Every structure is written in C-alpha cells, then in structure tokens.
Amino acid sequence: MIPLLRVFFTDRHGDIRPGWKIVGFMCTVLLCGTALIVPLRLAGIDSPMAEKAMVLCAAAAATILLTRYVNRKPVRAVGLWIHGRTMRELGIGSLLGFLMMAGIVAVEYALGYVSLAPAVPGTAALLGVAGLSFLWFGTGA
C-alpha cells in the first residue's frame, strides 16, 4: 500500500509532484488566511482592505513555508529577497502586469463586452489600490 501511495504523490526522484505542491499551496493559503481573517471578524473589524492585506500575508507565508520545508530551498530561490536589481525588477513586473491587464481590457472593449465609463474615486481608494498593487506585484516580482 505504501509504495502505491509513494508513486501517487512523488516522482521518480522522490520529490512531491507539482500538482500536489499546488494543492498544498492552496490549502496553506486557505489555512493561513483563515487564521488571519477570523480574528478580525471576531473583533468586529469588517474592513475589505484589511482582509486583502491578510490574504496577501497568507500568500507570502505559504510561499515561505512551502519553499523552505517542502521544496527544501532558501526563500531567495523564489525571488523574495532584496538585492541591487530589486527596484528594476519591481518596475518591470508592475509594467508587465499593467500591460497585460490593459491588453485584456482592450480585447474585451473591442469585442463589446465592456464599456469604459469615467469614475472619480477618492484619494484613500486610489492610495489603497496603488499600495495593494505595489505589494502584490512586488511579491510576485
């Protein structure tokens, strides 16, 4: 029975198969996110911005945990370290993310799925979106 499970979960080199790593990452994000968001809700704090920040923290924690203990590599292996090119990579990652989203919106607009309407959000909303985008793209860069 055990050799059958070993073949199911690991490859020929003894590493966990990539699909199971993805499932493990999703479950770890779910557990960490729940552990961070439930206390906010129990304390009566109903802030979407705080919940988004907690989800970002959960994703970062899951990345660190799985890189360190499942892949047995340093966290630097996924690019989460500060070096001389950090700002350049952050800028390129943010530009690439913006261009991809702009391309998606352009295609949807050309196909008639969306219409563009002017919206004037408040300063706090703009700073919140910019801050979360900076953190999110910075984590992925």
Side-chain angles (χ1 to χ4, degrees), residues 1-2 4-141:
M1 179 79 174
I2 297 299
L4 179 63
L5 289 177
R6 184 168 291 149
V7 169
F8 186 67
F9 287 111
T10 61
D11 60 10
R12 62 185 169 155
H13 302 292
D15 292 330
I16 297 174
R17 294 184 184 273
W20 291 113
K21 288 181 183 179
I22 293 171
V23 169
F25 178 78
M26 292 186 325
C27 290
T28 307
V29 169
L30 180 67
L31 289 174
C32 290
T34 302
L36 292 171
I37 291 175
V38 166
L40 285 177
R41 291 292 180 98
L42 291 176
I45 301 171
D46 189 23
S47 170
M49 183 72 103
E51 289 179 9
K52 290 176 185 176
M54 294 300 127
V55 170
L56 180 64
C57 291
T63 300
I64 291 168
L65 288 171
L66 292 177
T67 301
R68 186 86 172 146
Y69 297 109
V70 173
N71 292 334
R72 292 180 234 101
K73 293 181 180 178
V75 178
R76 295 184 309 189
V78 293
L80 295 177
W81 61 297
I82 297 175
H83 50 81
R85 297 182 319 258
T86 299
M87 293 308 291
R88 180 173 183 237
E89 289 179 2
L90 179 64
I92 290 171
S94 297
L95 178 64
L96 182 62
F98 172 78
L99 291 175
M100 287 190 306
M101 292 305 296
I104 291 168
V105 170
V107 169
E108 289 180 345
Y109 181 75
L111 294 173
Y113 288 116
V114 296
S115 61
L116 301 177
V120 183
T123 305
L126 286 174
L127 289 176
V129 168
L132 280 176
S133 297
F134 181 76
L135 287 173
W136 193 255
F137 286 125
T139 303

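Just so it is clear, the values below take in all heavy atoms, side chains as well, and ignore hydrogens, waters and symmetry mates. Fair warning: this is a prediction, and the values are worked out from it, not measured in the lab.
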Query raised in the report: Between Leu36 and Leu40, is any pair of side-chain heavy atoms under 4.5 Å apart?
Result: no
Report task. Could you pull out the closest heavy-atom pair between Val78 and Thr63, with the gap in Å? Result -> CG2-CG2, 4.0 Å
Query raised in the report: Sub-3.5 Å donor-acceptor pair from the side chain of Thr86 to the main-chain atoms of His83, do we have one?
Result: yes
Query raised in the report: What distance do Leu96 atom CG and Leu99 atom CG have between them, rounded to the nearest 0.5 Å?
Result: 6.5 Å
Report summary line: Looking only at heavy atoms, the pair that brings Ala61 and Cys32 closest together is CB-SG, 4.3 Å
Query - salt bridge (Lys or Arg N to Asp or Glu O under 4.0 Å) pairs, two or more places apart, involving residues 52-77 - result: none
Requested in this report: For residues 41-69, pull every pair meeting ring pair (Phe, Tyr, Trp, His ring centres under 6.0 Å), keeping only residues two or more places apart or in separate chains.
Outcome: none
Query - Side chain to side chain, Met87 and Leu90, heavy atoms closer than 4.5 Å - result: yes
Report summary line: Residue pairs meeting side-chain hydrogen bond (donor to acceptor under 3.5 Å, both in side chains), one or both in residues 109-128, sequence neighbours left out, come to none
Requested in this report: Could you list all the side-chain hydrogen bond (donor to acceptor under 3.5 Å, both in side chains) pairs where at least one residue sits in residues 7-27, not counting sequence neighbours?
Outcome: Lys21-Asn71
Report summary line: Contacts of Ala62 meeting side chain to side chain contact (heavy atoms under 4.5 Å, CB included) (sequence neighbours excluded), chain-then-number -> Phe25, Thr28, Val29
**Report entry** With Ile37 via side chain to side chain contact (heavy atoms under 4.5 Å, CB included) - residues at least two apart
**Finding:** Arg41, Glu51, Met54, Val55
